Protein chains: 2
Amino acid sequence: MKIGELAARANLSASAIRYYEKLGLLAAPQRIGGQRRYPSGALQRVLLVRFATDMGFTLSEIKLFLNGLGDHIPVGPRWRKLASRKLVEVKQNISRSLKLKSLLQGLLRCHCASLEFCVTRLSLSSNLRGLSRSNR
Amino acid sequence: MKIGELAARANLSASAIRYYEKLGLLAAPQRIGGQRRYPSGALQRVLLVRFATDMGFTLSEIKLFLNGLGDHIPVGPRWRKLASRKLVEVKQNISRSLKLKSLLQGLLRCHCASLEFCVTRLSLSSNLRGLSRSNR
DNA sequence: CTAGAACTTAAAGTCAACTTTAAGTCAAGC
DNA sequence: GCTTGACTTAAAGTTGACTTTAAGTTCTAG
């Protein structure tokens, strides 16, 4: 499989594939005439990476539990640790977003002339602060 | 009020204040000996901007409904439109995060040897795709 | 009066995950 | 054999919200 086909099947771009390789998320494949030729297993690997990024892991986190360079903790516990950390983040994000939602709904129901009034009237100061402001 | 005091009171840095000024989110204040002197109203303004960014608006969106350059739609409707668009995003983010949460919990309960097995065993292919992958 | 903290500017750097560019090489179909 | 599309590289660009840097100016306390 050439890079274009792999990219198409994984629904991302060829340059993204090369980028994953450079980051060490994907093994450098055999080459024919300088061009990359992938075994079918590569697709599964790429899809796993996509899946993990969709779950909110960063590429360097993914690298950690895919080929765990750096420390000597085995894959299982390492993944488990990262995943439970991520779970906390996700939960925080949920509660933050729920707050946000009712806040926005409140502001939309409000008929103040200016936003400043709304904000002070509804005294929505900032119970928003300090919650993980990024699920990516 | 000098910039350092304003920054401290708004809990951000002096350079961020200058940045807001450059973006047009904050009026250029009077100067004494080249240094910025802010009226007390400036604090409220900065806090409003912080509040809006906390709600997930980008600085350029905030600029739009603060001093709406560009179009001639009055502030009320403009804010309303942006806010309801944001509300949709937030709702999408919530449902995405809820899926993520149960996914992670499922994976954590699973005792497969490798993540690949887990993923295929739980057939968690990607019902995750296509949901707003950014609440900022 | 002077040390040093706080201010000034424009421009460059940061992070993540890629994309784009430029300039060139290879492969497949006719 | 030639065209054309797919591939190759390294380096620079993108986005958003700032921060950092460098070099210089001003304010303030003692």
Side-chain angles (χ1 to χ4, degrees), chain A residues 1-26 28-38 42 45-64 66 82 86 89 93 128-129 132-136, chain B residues 1-26 28-38 42 45-64 66 82 86 89 93 128-129 132-136:
Chain A
M1 201 178 356
K2 295 205 279 182
I3 199 172
E5 193 189 338
L6 178 59
R9 287 221 230 168
N11 196 32
L12 38 70
S13 69
S15 58
I17 303 266
R18 290 190 206 101
Y19 179 64
Y20 285 176
E21 181 181 324
K22 194 161 62 177
L23 290 192
L25 289 169
L26 196 53
Q30 180 199 12
R31 286 186 184 231
I32 296 182
Q35 297 186 352
R36 293 166 178 85
R37 296 304 156 101
Y38 293 96
R45 177 70 169 230
V46 175
L47 289 178
L48 181 59
V49 173
R50 292 304 296 162
F51 176 72
T53 61
D54 283 348
M55 288 204 304
F57 290 96
T58 67
L59 294 184
S60 52
E61 285 170 337
I62 294 167
K63 186 175 174 181
L64 272 188
L66 280 186
L82 281 168
K86 191 59 65 179
E89 271 178 42
N93 184 22
L128 232 39
R129 269 317 181 340
S132 82
R133 73 238 316 77
S134 69
N135 80 330
R136 263 212 297 159
Chain B
M1 201 180 352
K2 295 205 280 181
I3 197 170
E5 191 188 340
L6 178 59
R9 287 222 230 167
N11 195 32
L12 39 70
S13 68
S15 58
I17 303 264
R18 290 189 207 102
Y19 179 64
Y20 286 175
E21 181 182 322
K22 195 161 62 177
L23 290 192
L25 289 169
L26 195 56
Q30 182 199 10
R31 286 187 186 231
I32 297 181
Q35 299 187 348
R36 292 167 179 82
R37 297 303 157 104
Y38 293 94
R45 178 69 168 230
V46 174
L47 289 177
L48 181 58
V49 172
R50 292 303 298 164
F51 175 72
T53 62
D54 282 348
M55 288 206 301
F57 290 95
T58 66
L59 294 183
S60 52
E61 286 170 338
I62 294 167
K63 184 174 175 183
L64 273 186
L66 279 186
L82 282 169
K86 193 60 66 184
E89 273 176 42
N93 185 23
L128 232 40
R129 272 313 182 345
S132 81
R133 75 243 310 77
S134 69
N135 82 330
R136 263 216 291 160

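Proteins come first, then strands; the chains are lettered A, B, ... in the order of their sequence lines, and each starts at number 1. If you're wondering where the values come from, they're calculated on a predicted model, not measured in any experiment.
- Straight-line distance from the CG atom of B/Asp54 to the P atom of D/dG16: 18 Å, rounded to whole Å.
- Looking at residues two or more places apart in sequence or on another chain, you find no salt bridge (charged side-chain N to carboxylate O under 4.0 Å, His left out) involving B/Arg18.
- Residue-to-nucleotide proximity on DNA chain C shows that, of A/Gly33 and A/Leu12, the 5′-proximal contact is made by A/Leu12.
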>> Can you build the contact string for nucleotides 7-13 of chain D? Use B for base contact, S for sugar-phosphate-only contact, and - for no protein heavy atom under 4.0 Å.
In response: SBB----
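- Residue-level contact check: A/Ile62 touches neither bases nor backbone, having no heavy atom under 4.0 Å from any strand.
- Distance CG (A/Asn11) to C1' (C/dC18): 15 Å, rounded to an integer number of Å.
- A pairwise comparison of heavy atoms in B/Ile17 and B/Tyr38 identifies CG2-OH, 3.5 Å as the closest pair.
- Counting only distance, with no hydrogens or angles, the side chain of A/Lys86 and the backbone of A/Gly56 share a donor-acceptor pair below 3.5 Å.
- Remark: P of C/dC18 and NZ of A/Lys63 are 15 Å apart, rounded to the nearest angstrom.
- Within the 4.0 Å cut-off from OP1 or OP2 of C/dT19, at least one side-chain nitrogen or oxygen of A/Ser15 is found.
- D/dA17 atom P lies 12 Å from atom CZ of B/Phe57, rounded to whole Å.
- The closest donor-acceptor contact from the side chain of A/Glu61 to the backbone of A/Thr58 lies under 3.5 Å.
- With sequence neighbours left out, the side chain to side chain donor-acceptor pair (under 3.5 Å) criterion links A/Tyr20 to A/Arg50.
- A donor-acceptor pair under 3.5 Å is absent between the side-chain atoms of A/Lys63 and the main chain of A/Gly24, judged by distance alone.
- Distance OH (B/Tyr20) to P (D/dA17): 8 Å, rounded to an integer number of Å.
- The distance from atom CG of B/Leu59 to atom P of D/dT19 is 11 Å, rounded to the nearest whole Å.
- Rounded to an integer number of Å, the gap from CD1 of B/Ile32 to P of D/dC27 is 8 Å.
- Annotation: side chain of A/Lys2 is in contact with side chain of A/Arg37 (closest heavy-atom distance under 4.5 Å).
- The residue B/Leu25 sits apart from the nucleic acid: no heavy atom pair falls under 4.0 Å.
- Summarising the geometry, the separation between OH on B/Tyr19 and P on D/dT15 is reported as 12 Å, rounded to the nearest angstrom.
- Residue B/Arg37 places none of its side-chain N or O atoms closer than 4.0 Å to OP1 or OP2 of C/dA6.
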